[in-house]
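Data first, discussion second: the structure below is written as structure tokens.
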There are 2 protein chains.
Amino acid sequence: MATIADVAKRAGLSRATVSRVLNNHPNVTEDKKRLVREAMEALNYVPNTTAQRLRNQKTDTIAILVPVLTNPFFAYLLEAMDMVATQNHLQLLICQTRYSKQKELDFLELLRTKQVDGLILTSYENEWKKIEPYAELGPMVLCNEYERQTKVPVVRMDQVEASYIGTRHLIEQGHERIACTNGDKSNLGKDRQAGYRRALEEYDLPIHQEWVFSNVYDIEDGKRTLRTIMNMKDRPTAVFTGSDQVAAGMIMAAKALGKKVPDDIAIIGFDDQPIARVVEPALTTIRQPIEEMGKTAMDVMIDAIAHKNQDSHLEILLPFDLVIRDSTMSKLKSISK
Amino acid sequence: MATIADVAKRAGLSRATVSRVLNNHPNVTEDKKRLVREAMEALNYVPNTTAQRLRNQKTDTIAILVPVLTNPFFAYLLEAMDMVATQNHLQLLICQTRYSKQKELDFLELLRTKQVDGLILTSYENEWKKIEPYAELGPMVLCNEYERQTKVPVVRMDQVEASYIGTRHLIEQGHERIACTNGDKSNLGKDRQAGYRRALEEYDLPIHQEWVFSNVYDIEDGKRTLRTIMNMKDRPTAVFTGSDQVAAGMIMAAKALGKKVPDDIAIIGFDDQPIARVVEPALTTIRQPIEEMGKTAMDVMIDAIAHKNQDSHLEILLPFDLVIRDSTMSKLKSISK
DNA sequence: CTGAAAGCGCTAACAT
DNA sequence: ATGTTAGCGCTTTCAG
């Protein structure tokens, strides 16, 4: 491969001058510029990115940590971030932690080894106090998942409020016995439960501890949990799930048991993923502002890289929507409206 | 940040020695090793990856070009590649072309600018003759999408055979009037049509040109196409689609029209994506060996990087499965079996 | 406006 | 076994 020295020699100029035209420095005569351009053309020259990075002490690359790519929520979030990144000539290094604490820590090291200029966390496995120190090594932004007591900027949706609204919707449909499924014990999970509880308390409805299911993540978990619910003697008539996947699994399992949704059991999802429109009945769900969240997080990151001095705790809360479809509204009721 | 020089100074040794322990060279006494380790610890030292890359002339990074992350097919393919890459201490640079010729060419430049050690294409937009020259700049592997006349190694599924088997399955269910939907005009698309035609020809069934639909990609396209089909006076009784998304859209549209699948119209998908099990009736489909394809492609790449001299055209054909579910088998028929 | 030279952080001959 | 030194390819003072 041709290097800058080759170009310089062929153009009969110094490497410095070649570098100047490469970086559009003002002080180069048109004549020399042309000479350099011709030489570059002739040699098929392209600057070596690694060398530029070493010299410039920056990589124009942002690491994004996600648990898995195959979860559509994260795929769409990445897509949004990618739009903004591309526009700003930034590369994304997409890092899958696969829910592993160790892999997460390994990826955080990217900041220390100077492989990336910044890092966005969309979810995390380790305790926050293990993660926070890495923020000293370079700009870090939290997107989606969050932490309250921190100086790291946060872009997220109000999960408590969203879950409150979702649960209230079930109550407004006349349900008084409402179950709840949850993924992990992250702040997101806790918030969703908090919103669920707030709604029940507000309407003086009982919270049955055995109606709160944890570690419920995917379609299979949803199927299993629905069967458990259906086997209870004292059983709920509605479920607030923390995930469209889980809700979809529940609908499938309910059908297999010959139960009607929403008449035998109403189900509400979370995220508004494509699957929500595909299942039958279509899912009522909380639409997360994924695109806006991803774009905003990247904007904040770009800002952080520019004025590296940002210090005070920035928190951006994005609005959500309750999308009402058929899994909570019986056909009869909708018609009677 | 501490550099290797800082460590050397603190340990009272030379940078060379520090570098040696860093790279586990044999010729270092335990004593000095310990000294170096202590110094590294004390200074919180981590080698600068960019500097190593410049010096070693390799990046341990592979670029993977995909159209979009939000298509589950590519998300799962990436997941599989990531497994193998991680095990081999390779990073993946995931590049979304968004179906843009220009972005694709920009990403191919990664090979020239030495930002990656190799590049895997899972799909491509430009004419092959525009892409092939980049293979001179570094190892390149084709995975999924392919090209016949090339020295670039290929890992793929036999699309002609898969489509033939899928279409034959419809014929075996008694269908004689079979439509076909297709995405683009890539080799994949052409192959799928070829398989469809082969099956019809073999059974002496007519191919109606108006039953072959092109540019049909997603759920919405599927819905639209199904409505078109249902409006035909002379209409097919089965559809071979090139995509589970399209097939799912068709099922949804059929239901909305009050039509029964498979009795009014049988539908077969392609890929066996999660959506295939979620729609009702569940989709009969062609299961692509995504995981194996991704892993194998990465293996081939790792091989290509190791023995850089590989020359002859390698083509690996992976087996597929016909997964029979309910969208092609009427309940009556299955029972009568 | 242009060039010489130092150096980003690391590794690998080569020498001792 | 360890150190010295010369780069990898690029950018940027500093001189001229």
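Numbered from 1 within each chain, the chains take letters A, B, ... in sequence-line order. The analysis underlying the following values was restricted to heavy atoms, covering all of them including side chains, and did not include hydrogens, waters or symmetry mates.
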Between [Y] and [X], is there a side-chain heavy-atom distance shorter than 4.5 Å?
X      : Y      : value
B:M293 : B:N144 : yes
B:E315 : B:R148 : no
A:Y146 : A:L188 : yes
B:H313 : B:T150 : yes
A:I120 : A:L65  : no

Check: With B:F73, which residues qualify under ring-ring contact (aromatic ring centres under 6.0 Å, His included), at least two apart?
Finding: none
Next item on the list: Using heavy atoms to find the nearest nucleotide of DNA chain D for B:P26 and A:I4 separately, return the residue whose nucleotide is more 5′.
Entry: B:P26
Next item on the list: Might you point out which heavy atoms bring A:T122 and A:P67 nearest each other, and give the distance in Å?
Entry: OG1-CD, 4.0 Å
Next item on the list: Apply the test side-chain hydrogen bond (donor to acceptor under 3.5 Å, both in side chains) to residues A:Q115 and A:R53: give CA-CA distance (whole Å), side-chain angles for both, the deciding distance (0.1 Å), then the verdict.
Entry: CA-CA 9 Å; A:Q115 275 192 78; A:R53 287 180 177 182; over 6 Å; no
Margin query: Tell me whether the side-chain N/O atoms of B:Q52 come closer than 4.0 Å to OP1 or OP2 in D:dC8.
Written below: no
Checklist line | Distance test, side-chain N/O of B:N27 to OP1/OP2 of D:dA1, below 4.0 Å | finding: yes
Note to self: For chain B and DNA chain C, what are the first and last nucleotides along the strand, 5' to 3', with at least one atom under 4.0 angstrom from a heavy atom of the protein chain?
What the structure shows: C:dG9 to C:dA13
Margin query: Give me each pair satisfying ring-ring contact (aromatic ring centres under 6.0 Å, His included) with a member in residues 84-125 of chain A, each pair once, sequence neighbours excluded.
Written below: A:Y124-A:W128
Rounded to whole Å, how long is the line connecting atom [atom1] of [X] with atom [atom2] of [N]?
X      : N      : atom1 : atom2 : answer
B:Q115 : D:dC8  : CD    : P     : 20 Å
A:N56  : D:dT13 : CG    : P     : 11 Å
B:D31  : D:dA1  : CG    : P     : 13 Å
A:N23  : D:dC10 : CG    : P     : 11 Å

Check: Listed in order of residue number, which residues of residues 36-44 of chain B have a non-hydrogen atom at under 4.0 Å from DNA chain C?
Finding: none
Next item on the list: Compute the bend angle of the helix from C:dC1-D:dG16 to C:dT16-D:dA1 from the end axes (five pairs per end), rounded to 10°.
Entry: 40°
Item checked: Salt bridge present between A:R98 and B:D82 (N-O < 4.0 angstrom) -> yes
Next item on the list: Walk me through it: do B:E41 and B:R37 pass the test salt bridge (Lys or Arg N to Asp or Glu O under 4.0 Å)?
Entry: CA-CA 6 Å; B:E41 190 97 358; B:R37 295 245 163 77; over 6 Å; no
Notebook entry, point to check: Hey, is the main chain of A:K101 close enough, under 3.5 Å, to the side chain of A:N126 for a donor-acceptor pair?
Noted result: yes
Checklist line | With B:N187, the side-chain hydrogen bond (donor to acceptor under 3.5 Å, both in side chains) member among B:E147, B:E145, B:R156 | finding: B:E147
Check: In residues 13-22 of chain B, which ones come under 4.0 Å of DNA chain D, going by heavy atoms?
Finding: B:L13, B:S14, B:R15, B:A16, B:T17, B:R20
